[in-house]
Number of protein chains: 2
Amino acid sequence: MTGLQAPLARPRNGTAPSPDSAGEVLVARLAGFVPLSPDDRTALSQLARRETYVPAHMDLVHEGEATDSAFLVLEGIACRYVENAAGARQILALLLPGDLCDTDLGHLTQWDHGIAALSPCQVARVPRTKLEGLIATHPAVTQAFRLAKLEAEARSRNWLAALGICRATERLTRVLCEILDRLHAVGLSGPSDCPLPLTQMDLAECIGTSSVHVNRTLQELRRSGTMELKGGRLRILDRAGLEALNGHRRPPLPNV
Amino acid sequence: MTGLQAPLARPRNGTAPSPDSAGEVLVARLAGFVPLSPDDRTALSQLARRETYVPAHMDLVHEGEATDSAFLVLEGIACRYVENAAGARQILALLLPGDLCDTDLGHLTQWDHGIAALSPCQVARVPRTKLEGLIATHPAVTQAFRLAKLEAEARSRNWLAALGICRATERLTRVLCEILDRLHAVGLSGPSDCPLPLTQMDLAECIGTSSVHVNRTLQELRRSGTMELKGGRLRILDRAGLEALNGHRRPPLPNV
DNA sequence: CGGGCGATTGATGAACGTCAAACGACGTGG
DNA sequence: CCACGTCGTTTGACGTTCATCAATCGCCCG
């Protein structure tokens, strides 16, 4: 998976990135929830100003550290994570282009997890005051943010359930399908094919296994002809086959 | 653990429960976040009207079903859960007395998980309109709800991380300590001793293992002298010993 | 060309699931 | 009062899933 890292961003026309294109991905994401007026769209584009480059493996927020700004992911993949005393890391959620990652803990207590770039990222720091101003004046945007948050919570529940119930094969296919579907939703990939700049170790920390086991599981998936992860690209070849693969050890129904 | 089910509620003076006592536990919970005025307190007590009894294992909200009211748990233990096609169940979060469980999905999509009583419960259904009325008029209560939600999210992240990183022993001790601490926080137990009306199967569905393994893990904990779960009561005898138990297989620090 | 990172492979063992049986504490109906 | 059924706990035997350790390989980059 080394090299060949596709940028995980829209192809830009011309060599210089146009200043407007950065915010497009946020608009694309939120417009999936609520119709947005032209005014809403330009206001959202303002949030993507002040974008900064973040190399892979760099922390955006450390555990225990407070912040007064949110992050908007423009390119690349970041994550929320927790690390324990022994150095093991669990990834809680993936942050893909178009995701706005709030760092609000409402002064409840210490910030309890970290945020880090998994691949090289372009992010924009959005001061919370600016965010609140936007919310106060653009009800459609507010509603879209609310729905995006609810969706993130639903994904988190799904993730937790998968960790508790599913074997490694299904946990892995779920994560990979989730990434593809989310990228597809903001127009950054086709329906069955996307760049995937994650290492097998990253995937292992997503699904709570060792990287060795991820490797073997990926081989199993390749052999089954259902998906393929090679050279930094993910290809899902047979979605129906995936479900069959995951369900095919299912015991007969519990009773009656 | 059969029989001897302590009611998991404040001892009431006299035989007839006084109508006000029901809401006390909600006030106790929220007052832990924000100082509440007498007016706030009486308003909160109103929410506990219309309490209903729910037998163990009964669903409060089915997967896929929408609701226009929230639940307030007054007595007993309920949970959010997900069930897969094979009949396996993963518990996402525990709902203890004083917890207000919103069922708002904001019309995002279908309700994606279920809510069920694990032990016999007293719950109050709170119409969403009533809740919104309260929020509009009592800022301190609003802030307390917000903080309670943030705390629940933090717990959910912790839970997810534990599933991914920790062995069964630590996952189990974490859940048990969490229950004790939360009950203690609302005055329903001492600091090291509480009623625990859950089966080993329930605990298994919390930590993502089989009930057989929960049984053996509990025996290990009993033998170690750190905690004891017997006759529906949980006793934590040695918190420091617990951490030592969980960390005692810790490898030397990763690098340097 | 060497160095480093990540992918791959094999061998071994620990953690945990599954199945099946027995056991204990109830509550119920006779 | 006792026999019986139910539910939850406990135990043993066995198989699977997965972690761990260590070595190798491929690839890119300086």
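Naming: A, B, ... by sequence-line order, numbering from 1 per chain.
Side-chain polar atoms of A/Y81 and A/D202 form no donor-acceptor pair below 3.5 angstrom. For A/T173 and A/N246, the side-chain atoms include at least one donor-acceptor pair closer than 3.5 Å.
Using a 4.0 Å cut-off, some side-chain N or O of B/Q200 falls inside it from OP1 or OP2 of D/dT10. At the phosphate of D/dT10, OP1 or OP2 sits under 4.0 Å from a side-chain N or O atom of B/N215.
The distance from atom CE of A/M201 to atom P of C/dG4 is 20 Å, rounded to the nearest whole Å. Atom CG of B/D202 and atom P of D/dG8 are 8 Å apart (whole Å). The CZ-C1' distance, from B/R223 to D/dT11, rounds to 12 Å in whole Å. Distance CZ (B/R233) to P (D/dT9): 17 Å, rounded to an integer number of Å. D/dT17 atom P lies 14 Å from atom CD of A/E170, rounded to whole Å. At whole-Å resolution of the value, CD in A/E205 and C1' in D/dC18 are 17 Å apart. Here the P atom of nucleotide D/dT16 and the CD atom of A/E220 are 15 Å apart, to the nearest Å. A straight line from CD1 of A/I207 to C1' of D/dC18 spans 11 Å, rounded to a whole angstrom.
B/Q90 is linked by a side chain to side chain donor-acceptor pair (under 3.5 Å) to nothing, counting only residues two or more places apart in sequence or in another chain. Every side chain to side chain donor-acceptor pair (under 3.5 Å) that B/R29 has, sequence neighbours left out, goes to B/D99, B/E151.
Counting heavy atoms from C-beta on, the side chains of B/V186 and B/E24 never come closer than 4.5 Å.
Every pair passing side chain to side chain donor-acceptor pair (under 3.5 Å) that includes a residue from residues 184-197 of chain A is listed here, sequence neighbours excluded: A/D193-A/R233.
Partner B/E228 forms a salt bridge (charged side-chain N to carboxylate O under 4.0 Å, His left out) with one of B/R222, B/R235, B/R223 and no other, that one being B/R235.
Across the helix from C/dC1-D/dG30 to C/dG30-D/dC1, the helix axis at one end is tilted relative to the axis at the other end by 30° (nearest 10 degrees, each axis from five pairs).
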Pick out the pairs of N or O atoms, protein on one side and nucleotides 19-22 of chain D on the other, that lie under 3.5 Å.
| residue | atom | partner | partner atom | Å |
| --- | --- | --- | --- | --- |
| D/dA19 | OP1 | A/S210 | N | 3.0 |
| D/dA19 | OP2 | A/S210 | N | 3.1 |
| D/dA19 | OP2 | A/S210 | OG | 3.0 |

Pairs under 3.5 angstrom only: tabulate donor-acceptor contacts from the side chains of residues 206-216 of chain B to other protein residues two or more places apart or in another chain.
| residue | atom | partner | partner atom | Å |
| --- | --- | --- | --- | --- |
| B/S210 | OG | B/H213 | N | 3.2 |
| B/N215 | OD1 | B/Q219 | NE2 | 2.4 |
| B/N215 | ND2 | B/Q200 | OE1 | 3.1 |

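Salt bridge B/D181/B/R239: present, at least one basic N to carboxylate O contact under 4.0 Å.
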